Every structure is written in structure tokens, then in C-alpha cells.
Number of protein chains: 2
Amino acid sequence: MARPRTPLLSRERIVAAALRLIDAEGLAALSTRRLATELSVSGPSLYNHVATKDELLDAVVDSVIGEVDLSMFGTPDGTPDGASDGTPGGLPDGAPDRLPTATPHRGPTPWPDALRDWARSYRSALAAHPNIVPVLAQGPGRRPNALRLADAVFGHLVEAGWPRGQATRIGALMRYFVTGSALASFAAGFPADAEVYDAADYPHLGEAHRLAGHRGTVDEGAFETGLEALLDGLVLRFERLTERS
Amino acid sequence: MARPRTPLLSRERIVAAALRLIDAEGLAALSTRRLATELSVSGPSLYNHVATKDELLDAVVDSVIGEVDLSMFGTPDGTPDGASDGTPGGLPDGAPDRLPTATPHRGPTPWPDALRDWARSYRSALAAHPNIVPVLAQGPGRRPNALRLADAVFGHLVEAGWPRGQATRIGALMRYFVTGSALASFAAGFPADAEVYDAADYPHLGEAHRLAGHRGTVDEGAFETGLEALLDGLVLRFERLTERS
DNA sequence: ACCTGAACACCGTTCAAGT
DNA sequence: ACCTGAACACCGTTCAAGT
């Protein structure tokens, strides 16, 4: 069975299967041979659609970043601020009821609100695929969705009045926080086995074995606390900045 | 040459060589066979000293975490607050001159200062070995140095007056930020090739190709800005907390 | 106790061969 | 154009054999 008249594989199918495998069993479980088996095909077949395993990983990463909502930054193609970007969740096309109850003042979303919404969307896109975060954290490289994301954040901050150097730093520190929070669960990192926490060695960790059981709320709470603290701190700096002019 | 009378290998030598290899060529470059070659020994020899590659990685990770300074939290064995913990950088033993010019009030370091100093030490220990951060970010597991770190931070915050739930969240969000900042350089993630940043696609990234050249200052500045913003935000929350009592 | 070579079931990738 | 099996240089780990 060589060269079927309708192709068995496509780049999209390969990328999707790779992400499933990474999610289910970790980055280390993604081997070209294993992936091929998953797709009912022989190992070398993949190389008709992707050049190398690294290129495949890049495509997987960019597909994840593509899920991040950037609409709060206003879209460069003229779509109004706050509009859906095609991700599921937007209103159906002809839904005239449920108009915005109050659109306080047209214009760009205030930067702290935009940053907050974006950080939440960014985190949930990444946290859905924690095993691939180490790859994606290496930076945008030449991946279009990652570059679009960096462009949107930086552009919005500059237009809001942040000096370019500061805007760069804010983009960086937000990425630090979000990738760090998506990389691994804090709570789940503590073994649920109570015997690990010998009181003689770790006097304050007596309850740490309960953490794993509250995985969701602990990590969610830490992210929200950190995000709001960070935004408060940045607002303080922005006020100091605009005060003197 | 089987069973030399003085052993060729030791666990410490293996761990140190593994870390060197990971630093120099990345996590993927660490293979047991390659490591063995580096140590002038045959592959299976390693298994006389470590049970599996995973156990070896765990040991490497804990050796890195062991470099983090925890002295600002006060040490449980009675060593006074702020004393050296054995890491190079402390004063030589018999150095009576250069006494503290002003010790404002004996007692524990104020928690924002302790957190700041710890975060800086934590980050520099991790950023010295970015390739291993994904492993270490999985949480303390059963690694003694990682558990000691978690115990010290949590204990200090609770003793400073933070409710236990909040202290947990602060430990988590600080780890998010620090691991995120050590995982990869923000600046270096942007290709230095100016042609990547097509003005039609990324209208605000015209200068992004310069980022990689300022790697150190961009990342350092982002870390410091984020750290201070985070601390400001937390201080705000602590004030609100103590206000009502 | 500590090292060795041989062996097993894996890897990523190339390539000639098939349709 | 797109799939296959064979082949190459790698993996982690086990095990019997040596001293």
C-alpha cells in the first residue's frame, strides 16, 4: 500500500495528534515512531509532511499560542476593540439581543484591564497543555502566532502611554509570570504522602500533603493573587510616570 | 580493566558532569552513554551509582536548589537571622571590622525584604542553569533542598502574620515568577534577524531584532520591575489585612 | 564492590523502491 | 506526490562475566 489516491496524512492531523500525545503522556513520549503508530502509518511517512521533529514541535507550539485571545488589545485589521477573534465562545452571527448593557466610553480598553484579560486567556491556553510550556517559553522565534501576540501586547502598552523600554519589560515580566504558572501545578508538586514531611526537617510543612488535593483552587488562587498584585504594582508605577508631566 | 581498586566514579562526580553537560548542550544532550563517555567510562557503569536516569536528574536538580540562599528567613537551627549559609559570599570567619553600621531592630527580616532577597538568589541560582528549570519546576517532590526551601518561605510568611492560605499562595506565585524568569531569556527569544519582523504583520516589532543584543539588561530589568511590582502589590494586601484588626 | 561487553527494545532520519 | 521497509547511528537499561 504505497501512495494511496487520497492521502492518509496531513500536516494538521499530525500536529493535532502530536499535541494529544504530549498532553496525555508528556514531551518525552512524543517520538516520531510512536506518533506514526498512533496515526496508523509507518515512521518515515511523517517526513512527507514535516521536515524534522523540531519543526513539528514548533507547529504544535504555535497552534497552542493561537488559542490566546488578543481581542482586548484591539485588532490591527479594523475589527472593533473587544470583538471575537474566531475562537469558540463568541456570540453566534445573528444574535441581536443581549446588547452590551453599558458601553461606558468607546475607545481602547484601559491597559490594566486589557493586561488582566489577556493574562487569563494566555494562562488558560497554556495551562491546558503544560507539557509543552518549556518549548514555548523559549520565545516567539519565527512562529507567527507568538510574534502576533508580542506585537499586540507591546503595541497596546506603548499606545497607552508606556515608554517603549518599560513596555518591553512589562511584556517580559508578564510572560515570566504566566509561563511559570502554566509550567506546572504548585500544589501537585507536593507529594500527597504525609510521611514525606518529617516535622524535624520541615517544621512548617505539616499540612503540605493536603495540597495536591486542592490543586485547582490553590493554583488558581495563587495566579489571581499574583496577577492582581502585579497589576497594582504596575499601576503605581504608571501613576508615578504620568505625575511628573 | 574491571573493578579498579580505587573507584573511577562517584555519585558526586556523575551529578556534576551531568549538570555541566545540561548547561552546555541542553537537557536533550544528556544521555547516559554520552555522560559515561564524558567520564571516560562505559555506559552501564553509571548504574552502580544511580538507579535510573530520572534519579540522576533529581539529584542534579536538588544540587541546583541547594545553591539558593535561605538565610534571610532565619535558620531553624538557631543561627541568627541573616547569617551566611555556607554559600560563598559571606564574610571571612575572623573579620571584626565592618560591623553592621546600624542594626535598626533585632528580630526577623521584614517579610518584603526577605522575599526580595530570596527571589533574587533563587533566580540567579536557576538562571545559571536554565536548561534544567523545566524539571525543577515540577515541584519539590521528595528532594530535600526543595522541601527545605518551601518550608523556609512558608514558615517566614506565617510568622510574619500572613494567614496560612495566603502564605501558600505567595509561595506559589513567587515560584511562578522566578521559574518563569529563569526558564528562558525573553530578549533572546526574538531572532536578531530584522527580516523576521515584517511591518505588515507586526507593526510594533520594528526594533525587536535589537532585543537579543541587550539580553542581559532586558531580562534583568524585567525581573526587577516585576519583583518590585509584585512586592508592592503584596504589601498593599498585607496592609488591608492588618487594617481591620 | 565496581567495571566491562553483549544484548534488548527503543530512538530520529535517510533513502531506494513502489504506485 | 506519498507511502513503505531496510538501514544507520543513536537511546536507557539488564545481565552475565570479570577482578
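All figures in this text were calculated on a predicted structure; none of them were measured in a lab. A note on names: the letters A, B, ... follow the listed sequences, proteins ahead of strands, and every chain is numbered from 1.
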side-chain N/O A:S45 vs D:dC3 OP1/OP2, d < 4.0 Å: no
D:dC8 pairs with, by Watson-Crick or G-U criteria that keep both distances under 3.5 Å: C:dG12
Please report, rounded to the nearest Å, how far the P atom of C:dT14 is from the CG atom of A:L46. 13 Å
Candidate pair A:T52 and A:D54, rule side-chain hydrogen bond (donor to acceptor under 3.5 Å, both in side chains), full reasoning: CA-CA 5 Å; A:T52 66; A:D54 272 351; 5.3 Å; no
A:L35 CG to D:dC3 P: how many Å, rounded? 13 Å
Selected nucleotide, minimal atom distance to B:R3 side chain, candidates D:dG18, C:dG18, D:dT13: D:dG18
Please report, rounded to the nearest Å, how far the C1' atom of D:dC3 is from the CD1 atom of A:I14. 12 Å
Provide the Watson-Crick or G-U wobble partner of D:dA1, both distances under 3.5 Å; none if there is no partner. C:dT19
I'd like to know if the side chain of B:T179 reaches the main chain of B:R175, judged simply by a donor and an acceptor atom lying under 3.5 Å from each other, with no hydrogens or angles considered. yes
Measure the distance from CG on A:N48 to P on C:dA17 and round it to the nearest whole Å. 17 Å
Measure from the side chain of A:V41, starting at C-beta and using heavy atoms only, and say which of D:dT4, C:dG12, C:dG18 lies closest. D:dT4
Is a side-chain donor or acceptor of A:N48 paired with a backbone partner of A:S45 at a separation under 3.5 angstrom? yes
Atom CG of A:L57 to atom P of C:dT13: distance rounded to whole Å? 10 Å
Is the phosphate of C:dC3, meaning OP1 or OP2, less than 4.0 Å from a side-chain N or O of B:S42? no
Whole Å only: how far is the CZ atom of B:R34 from the P atom of D:dG12? 12 Å
Any Lys/Arg nitrogen of B:R142 or B:D58 sitting under 4.0 Å from an Asp/Glu carboxylate oxygen of the other? no
Can you tell me which nucleotide in C:dG18, C:dC3, C:dC11 comes closest to the side chain of A:R33? C:dC11
In terms of the nearest nucleotide of DNA chain D, which residue is placed more toward the 5' end: A:H49 or B:L30? A:H49
Closest listed nucleotide, where the reference is the side chain of B:P44 and the choices are C:dT13, C:dC3, C:dA6: C:dA6
Salt bridge between A:R123 and A:E224, side-chain N to carboxylate O under 4.0 Å? no
Roughly how many Å is it from CG in A:L8 to P in D:dA1, rounded to a whole number? 17 Å
So which nucleotide from C:dT13, D:dT13, D:dC11 ends up closest to the side chain of A:Y47? C:dT13
Whole angstroms only, please: what is the CG-P distance between A:L39 and D:dC3? 10 Å
As a test of reading the structure: which of D:dC2, C:dC11, C:dC3 is closest to the side chain of B:L9, going by heavy atoms? C:dC3
